[in-house]
Structures are given as structure tokens and as C-alpha cells.
Amino acid sequence: MEDIPARYTLEGVSDAEVSVHPFATEDGLGLNLTRFRRGDCDDVVLLLHGLTASIDMFIMPEHRNLVNTLLDNGFTDVWALDFRMSSRFPYDAETHRYTLDDIAAWDHPAALRELRRHVGDRRVHVVAHCLGSMSFSMSLFGGALDGVASFVSNSVSLTPRVPTWSRCKLVAGPGLSEYVIGLPYMDSRFGEAPPLTRGWMVSRLVSLFHRECGVRDCHMISFMWGSGHPALYQHENLPPVTHERIADLLGPTGVHYFRHIRKMVSAGQAVKYDPSDPRHADLPDAYLSRAGEVTTPVLLLSGDANHVFPGANAACHEALERARPGLQEFASLPGYGHIDPFIGKNAHVDVFPKILDFLKRQAS
């Protein structure tokens with residue numbers, strides 16, 4: 001097996017000027033935009049990771065990653081956002097009560113303002129994954145931001161759907177974790193915790209039910225998200241080195257986010273966590289309610305082996321078609337799961353061309 005890349009490395013992006021642009025949200029969190037630039041272009045691309053992930057999922061050195069693919073195909077100014085769900089920050093290993101409304105109201109609008117400060121009025125296209133996609137959809141369709149030329153959403157957008165086992169975990173998991181086990185977060189690295197600590201015991205218990213591989217981090221990630229063995233990807237789609245370092249790409253997560261997801265799953269669509277919260281009075285209680293007012297073209301992607309949000313983006317396509325016919329497309333990805341459309345060894349052959357085709361059509 002090839003050497004494990006350094007954690008948080010930028011070596012996966014070649015021949016580009018890399019710069020980091022810190023900024024703050026209205027509720028006082030410091031976030032980062034990372035820019036990969038080869039030159040000015042009319043169409044800027046912004047990449048958004050999902051929960052437990054970071055910008056690392058777009059710049060992996062062990063396969064042809066999305067940032068290099070975009071840079072090589074005319075999109076020579078690419079940005080990636082580490083928002084409050086990023087595993088590069090300590091926020092998800094802390095006790096907190098953040099919701100997706102917080103991200104929709106504060107993180108994405110602040111990121112777009114910082115990006116616009118550097119690129120001006122050039123067209124901005126967004127490619128997003130998982131809860132990065134859902135929270136950005138909430139920002140876009142909730143009226144918290146505008147001026148987005150196009151949007152690519154992977155796995156889930158405004159109509160979350162989860163398997164039965166995931167529903168059970170959403171109902172019981174946060175309370176059990178916080179009040180019974182005494183852990184406000186789950187961590188893919190619990191298997192490396194000192195023996196007999198709570199995290200160590202959780203990891204060993206989870207591994208009893210996951211015999212599909214010998215990587216405890218992989219077992220924990222499946223437990224934290226989705227239903228399957230494994231849950232987030234198809235093993236055969238990952239390079240061996242990626243499988244071994246999967247905890248570098250998918251880190252800890254606070255369990256409170258699951259309460260908001262549970263409420264959305266029950267409602268069948270993205271809804272506000274607390275409609276009485278005055279901080280989010282400008283956001284709609286149901287984010288699909290304003291869909292007809294948004295004219296941004298959307299490409300909805302989903303692997304046909306998605307065990308985290310199966311059928312979610314297909315359902316979103318149907319819902320958006322009713323509200324704004326012809327402005328969205330849906331593409332199924334045969335043989336792919338939840339996150340392997342970005343971190344899979346053949347994603348540059350099977351998935352990235354679909355994203356490029358959509359972006360180029362919107363750019364033209």
C-alpha cells in the first residue's frame with residue numbers, strides 16, 4: 001500500500017496558487033475559505049463539504065480530485081469552504097447546540113460575502129455534499145443569499161429520506177449519547193481511545209456488528225451515519241489508502257445536528273428547528289415554501305447505493321419540478337454510495353464529468 005498522506009495536506013492540488021481567507025460569522029465563529037487559483041476566469045466554483053468532513057475531501061492526493069479536475073477544465077479559480085461542521089475545526093468535538101438553521105443563516109452568507117470581496121460580480125457556481133448541500137439549499141431557497149449562477153447538490157437537498165435503522169438512531173441516539181453514555185459527540189477515532197474509556201467501549205461494541213472490514217474507523221463512520229456495511233460508500237470504490245485513512249477525511253460530529261435532521265425527516269422536507277427562535281425570523285419555517293421564487297439551476301446527484309439518504313435527491317427533484325419546472329436536473333450514479341462520488345478512485349471518470357458538463361452549460 002502507498003504511504004498515508006499527511007493529515008490536512010494540500011499536496012493533492014498541483015500548479016495552483018493556494019491562499020487561505022479567514023472570516024467570521026455573525027454569531028462569532030471563525031471560518032476559512034481556501035482558494036486554489038491558476039488565473040482569473042468568469043466562472044468561480046465554491047465547494048462545500050458535509051458533516052464530519054472538510055475541504056480535504058476535494059483535494060485528496062491519492063486520486064484525481066475534484067479541485068484539480070476543475071482547474072484543468074477551465075474553472076481556474078476554485079474556492080472551498082470549511083464551515084462550522086468541518087473536521088478541521090474543534091467545534092464538532094465540543095458541547096454545542098448548533099442547528100442547520102445557524103449554518104443557513106450565518107455560515108454560507110458570510111462565506112459568499114467574503115468570496116465576493118475577492119472575485120467581485122463574477123458568476124459563482126456551488127458544488128456541495130451532504131449537510132453542506134442541505135444547509136446551502138436552505139440558505140438559497142430560504143432567501144438568505146442570492147446571486148448563485150448554479151448549484152450542484154450531492155445526496156440530499158431539501159427532502160431528506162433515511163432508512164429505518166437510521167430513523168431509530170435519529171430518535172434515540174442524541175439522548176443516549178449525551179445523557180446515558182455521557183458523550184456530546186461521536187468520533188470515528190474512538191477505536192484509538194485509551195482502553196476502557198467510553199469512546200473505546202463504544203468503538204468495540206460497534207465493531208461487533210461490522211465484520212465487513214478490519215478498520216475500526218470505518219465501522220464507527222457507518223454507525224455515525226446511515227445504514228449499511230459500510231454505510232457511506234462502497235468499499236470497492238475507495239483506494240486502499242483512502243480506506244485506511246478514512247478518519248482523516250471524516251472526523252467527529254456533535255450529536256445535536258441529528259435532532260434537527262430527525263425533525264426534517266419527520267416533516268418530509270427541510271424545516272426550521274425552532275420556529276420561535278427570533279435569531280432566524282427571516283428564514284421560512286419550511287424551506288420549500290419559497291422554491292418558486294428561486295431561479296438558480298440545480299443539478300441533483302445521488303448514488304444508487306446511497307445508504308445515508310436513499311432517494312432524497314430524487315424526491316427533491318420531483319418537489320422542485322412542481323414549484324419551478326425545468327430548472328433542475330437529476331442524475332443517478334450507478335455503483336456509488338453517499339460520499340464516494342467525491343472520494344472514490346474512479347470518481348473522475350464516473351462522476352466529475354457530469355458535474356463539469358452541468359457547470360459548463362450554466363457558464364455558457
Side-chain angles (χ1 to χ4, degrees), residues 4-73 75-94 96 98 102-104 106-133 135-136 139 145 147-148 152 245 247-253 342-343:
I4 301 291
R7 195 174 183 186
Y8 305 147
T9 182
L10 298 176
E11 294 178 359
V13 179
S14 57
D15 189 26
E17 173 191 346
V18 182
S19 56
V20 178
H21 303 264
F23 63 97
T25 64
E26 290 183 20
D27 67 327
L29 282 183
L31 307 180
N32 283 335
L33 278 162
T34 304
R35 185 181 197 179
F36 305 90
R37 180 179 176 275
R38 287 188 187 162
D40 291 335
C41 60
D42 292 333
D43 294 272
V44 175
V45 179
L46 172 63
L47 306 178
L48 306 177
H49 59 80
L51 182 58
T52 81
S54 71
I55 68 166
D56 293 282
M57 64 179 285
F58 303 118
I59 58 175
M60 297 159 55
E62 63 262 41
H63 78 118
R64 181 163 174 74
N65 58 60
L66 182 57
V67 168
N68 272 335
T69 299
L70 291 166
L71 292 173
D72 290 344
N73 284 273
F75 296 96
T76 54
D77 196 358
V78 179
W79 297 65
L81 171 64
D82 279 300
F83 61 101
R84 74 183 65 199
M85 286 182 173
S86 173
S87 59
R88 287 191 169 210
F89 295 134
Y91 312 136
D92 271 330
E94 297 174 346
H96 66 72
Y98 298 140
D102 298 331
I103 300 168
W106 294 321
D107 292 21
H108 299 313
L112 263 293
R113 287 193 295 271
E114 174 64 18
L115 189 153
R116 287 289 185 194
R117 198 168 67 83
H118 298 274
V119 306
D121 61 357
R122 286 185 279 163
R123 289 186 294 267
V124 174
H125 308 264
V126 176
V127 180
H129 168 66
C130 187
L131 296 193
S133 169
S135 57
F136 187 81
S139 282
L145 53 81
V148 176
V152 179
R245 76 178 193 103
D248 289 350
L249 301 171
L250 300 169
T253 174
F342 292 107
I343 71 172

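Just the heavy atoms: all of them, side chains too, but no hydrogens, waters or symmetry mates, feed the values below. Sequential numbering from 1 along the given sequence is applied to the chain's residues.
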Exercise for the section: Give the C-alpha distance, both sets of side-chain angles, the deciding distance and a yes or no for side chain to side chain contact (heavy atoms under 4.5 Å, CB included) between Asn32 and Arg88. Expected result: CA-CA 10 Å; Asn32 283 335; Arg88 287 191 169 210; over 6 Å; no
Practice task
With side chain to side chain contact (heavy atoms under 4.5 Å, CB included) as the test, would you mind laying out the steps for Arg84 and Asp27 before giving the verdict?
Solution key: CA-CA 11 Å; Arg84 74 183 65 199; Asp27 67 327; 2.9 Å; yes
Kindly give the heavy-atom pair with the smallest separation between [X] and [Y], and that separation in Å.
X      : Y      : value
Ser87  : Ser54  : OG-CB, 3.7 Å
Ala110 : Ala24  : CB-O, 4.1 Å
His49  : Ala53  : ND1-O, 3.6 Å
Asp40  : Arg122 : CA-NH1, 3.9 Å
Ser133 : Ala128 : CA-CB, 3.5 Å
Ala93  : Pro252 : CB-CG, 4.2 Å

Practice task
Compare all side-chain heavy atoms of Arg37 with those of Ser19 and state whether any distance is below 4.5 angstrom.
Solution key: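 SC-SC contact between Arg37 and Ser19 ruled out.
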Handout entry: Phe75 side chain reached by Asp43 side chain, heavy atoms, under 4.5 Å
Key = yes
Practice task
Mind telling me whether Phe89 and Tyr91 have parallel, tilted or perpendicular rings, with 30° and 60° as the class edges?
Solution key: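 The arrangement is tilted - the two ring planes meet at 30° to 60°.
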From [X] atom [atom1] to [Y] atom [atom2], the distance as rounded to the nearest 0.5 Å:
X     : Y      : atom1 : atom2 : answer
Met85 : Ile103 : CE    : CD1   : 3.5 Å
Arg38 : Asp15  : CZ    : CG    : 5.0 Å
Thr76 : Glu17  : OG1   : CD    : 11.5 Å
Leu46 : His125 : CG    : NE2   : 11.5 Å
Glu11 : Ile59  : CD    : CD1   : 10.0 Å
Phe58 : Leu48  : CZ    : CG    : 7.0 Å

Practice task
Please indicate whether Asp121 has more than 12 foreign heavy atoms, meaning atoms of other residues, nucleotides or ligands, lying under 6.0 Å from its CG.
Solution key: no
Handout entry: Criterion side-chain contact (heavy atoms from CB on, under 4.5 Å) against Phe136, the qualifying member of Val127, Leu112, Asp107
Key =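 For Phe136, the side-chain contact (heavy atoms from CB on, under 4.5 Å) test succeeds with only one of Val127, Leu112, Asp107, which is Leu112.
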Practice task
Scan Thr34, Val152, Leu70 and name whichever one has a side-chain contact (heavy atoms from CB on, under 4.5 Å) with Leu47.
Solution key: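 Going through the options one by one, the only one that passes is Leu70.
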Handout entry: Ring-ring centroid check His108 Phe83, cutoff 6.0 Å
Key = yes
Exercise for the section: Using side-chain hydrogen bond (donor to acceptor under 3.5 Å, both in side chains) as the criterion, list what pairs up with Asp248, not counting sequence neighbours. Expected result: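 Applying side-chain hydrogen bond (donor to acceptor under 3.5 Å, both in side chains) to Asp248 gives Arg189.
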Treating [X] as the side-chain partner and [Y] as the backbone partner, does any N or O pair qualify as donor plus acceptor under 3.5 Å?
X     : Y      : answer
Thr25 : Trp106 : no
Asn68 : Gly12  : yes
Arg35 : Asp77  : no
Arg7  : Leu249 : no

Practice task
Decide yes or no on side chain to side chain contact (heavy atoms under 4.5 Å, CB included) for Asp92 and Leu51, but give the supporting numbers first.
Solution key: CA-CA 9 Å; Asp92 271 330; Leu51 182 58; 3.6 Å; yes
Exercise for the section: Tell me, please, whether Phe23 has Arg113 positioned over its six-membered ring: NZ or CZ under 6.0 Å from the ring centre and within 45 degrees of its axis? Expected result: no
Practice task
Using a strict 4.0 Å threshold on nitrogen-to-oxygen distance, state whether Arg245 and Asp56 make a salt bridge.
Solution key: no
